[in-house]
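See structure below.
As the structure is a prediction and not an experimental result, all values here were calculated from the model. One-based numbering, in listed order, for ligands and for the atoms of each.
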Amino acid sequence: MIRIRDLSYVYPNSEEPAIAGINADFPRDRVFAVLGESGSGKTTLLNCIARFLTPSSGTITIDDQDIADLPEPKLRRALGVVFQKLYLFPHLTVHENMILAPVKAFGQTRNEAGRIAAEMLARLGIGDLGDRYPSEISGGQGQRVAIARGLMLQPQYMLLDEPTSALDARTTGEFARWLSELQSDTSFIIVTHDLPFAADVASRGVFLKAGRLKATGSVETIIQEATQNA
Ligand SMILES: Nc1ncnc2c1ncn2[C@@H]1O[C@H](COP(=O)(O)OP(=O)(O)O)[C@@H](O)[C@H]1O
Ligand SMILES: [Mg+2]
């Protein structure tokens with residue numbers, strides 16, 4: 001469980017907090033949704049959870065451990081992140097992108113990491129993409145590759161920021177199906193403004209508005225309330 005208590009963040013160049021007074025529990029659901037329209041503070045919250053931003057106040061714990069105290073390798077094993085820009089290395093093939101962190105940062109051999117990468121790509125139904133460069137795959141394939149790369153470290157949680165932002169309606173549907181069928185022990189936390197997509201992939205979530213947590217619970221109920229109050 002990720003537990004967020006009294007969390008606020010104020011950007012250094014800003015007077016208004018981007019998020020304020022957030023209290024939430026993210027359970028180990030298969031997929032948990034963080035919803036809210038553009039500018040509501042979703043990415044700021046994600047960056048605090050991933051420790052890319054240091055909260056102005058409040059705490060975040062993963063399984064009762066304060067993330068502020070976790071050593072970097074331990075945190076990165078507990079929590080993977082796929083950003084809106086996927087940050088695949090353009091000069092490396094998909095396969096090479098996948099083995100980079102396990103080899104460089106976690107000391108796996110190239111052989112070992114290579115075997116796991118090939119298995120992972122096959123298991124995720126993208127085994128044919130290993131030798132391609134990022135410029136040679138579509139947006140939907142790139143999203144899957146970035147997730148596959150993150151899963152190499154078998155994190156407990158993976159945070160995805162707006163995974164459908166570069167996808168059209170048809171590819172979004174395909175991606176939703178793919179994500180729902182994906183075999184993995186990792187819990188996905190999906191940050192999105194795309195309510196129909198969220199309803200497709202997640203049963204529970206939270207809803208942010210203007211930096212405040214407005215609702216928590218079933219995604220269906222959240223969407224009903226959000227559209228009634230719009
Ligand atoms: N680097 C930044 N510096 C100052 N303000 C920012 C920065 N990034 C985001 N904000 C502001 O914080 C608020 C929340 O932004 P963000 O977390 O990106 O929302 P969302 O991801 O829901 O679109 C917005 O008002 C945005 O303008
Ligand atoms: Mg965002």
Checking contacts here: is it the side chain or the backbone of Ser14 that comes within 4.0 Å of ligand 1, counting heavy atoms only? Could be both or neither. neither
Identity and separation of the nearest protein heavy atom to atom 4 (C) of ligand 1: Asn13 OD1, 3.3 Å
Cation-pi between Arg30 and Phe188: NZ/CZ under 6.0 Å from ring centre and within 45° of the ring axis? no
Among all protein heavy atoms, pick out the one at the shortest distance from atom 20 (P) of ligand 1; state its residue, atom name and that distance to 0.1 Å. Gly39 N, 3.5 Å
Salt bridge present between Arg3 and Asp66 (N-O < 4.0 angstrom): no
Would you say Gln84 has more than 12 foreign heavy atoms packed within less than 6.0 Å of its CD? yes
To check your reading of the model: name the closest protein heavy atom to atom 5 (N) of ligand 1, its residue, and the distance in Å. Tyr11 CD1, 3.4 Å
Using the six-membered ring wherever Trp is involved, compare the ring planes of Phe83 and Phe52 and label them parallel, tilted or perpendicular (cut-offs 30° and 60°). tilted
Would you say Val191 and Ile60 are hydrophobically clustered, going by side-chain heavy atoms of ILVMFWY under 4.5 Å? yes
Under 4.0 Å, heavy atoms only, figure out whether ligand 1 is touched by the backbone of Glu37, its side chain, both or neither. backbone
Which pairs would a plain distance check flag for residues 106-116, meaning a side-chain donor or acceptor within less than 3.5 Å of a matching protein atom at least two apart in sequence or in another chain?
residue: Thr109; atom: OG1; partner: Glu112; partner atom: N; Å: 3.0
residue: Glu112; atom: OE1; partner: Thr109; partner atom: N; Å: 3.4
residue: Arg115; atom: NH1; partner: Glu119; partner atom: OE2; Å: 3.3

Does the side chain of Arg5 come under 3.5 Å of the side chain of Thr59 through a donor N or O and an acceptor N or O? no
For the CD atom on Glu72, are there more than 12 heavy atoms of other groups (residues, nucleotides or ligands in this structure) within a distance under 6.0 Å? yes
Atoms in ligand 1 with a heavy atom of Thr44 nearer than 4.0 Å: 14 (C), 15 (O), 16 (P), 17 (O)
Protein N/O/S atoms closer than 2.8 Å to the Mg ion (ligand 2): Thr43 OG1
Would you say atom 27 (O) of ligand 1 touches the protein, meaning some protein heavy atom is under 4.0 Å from it? no
For atom 19 (O) of ligand 1, what's the nearest protein heavy-atom neighbour? Residue, atom name and distance, please. Gly41 N, 3.1 Å
Identity and distance of the protein heavy atom lying nearest atom 12 (O) of ligand 1: Ala18 CB, 3.3 Å
Atom 22 (O) of ligand 1: the protein heavy-atom neighbour that sits closest, reported with distance to 0.1 Å: Lys42 NZ, 2.8 Å
Is it the case that the side chains of Thr171 and Asp168 hold a donor-acceptor pair, with the cut-off being a distance below 3.5 Å and no angle test? yes
Looking at atom 7 (C) of ligand 1, tell me if a protein heavy atom falls under 4.0 Å from it. yes
Stepwise side chain to side chain donor-acceptor pair (under 3.5 Å) check, Thr61 with Asp64: CA-CA 5 Å; Thr61 60; Asp64 295 325; 4.9 Å; no
With the 4.5 Å side-chain cut-off for hydrophobic clustering, are Phe175 and Leu159 part of the same group? no
Looking at ligand 1, does Ser40 have a heavy atom less than 4.0 Å from it? yes
Where is the nearest protein heavy atom to atom 18 (O) of ligand 1: which residue, which atom, and how far? Thr43 CB, 3.8 Å
Got a salt bridge between Glu181 and Arg177, using NZ or NE/NH1/NH2 to carboxylate O under 4.0 Å? no
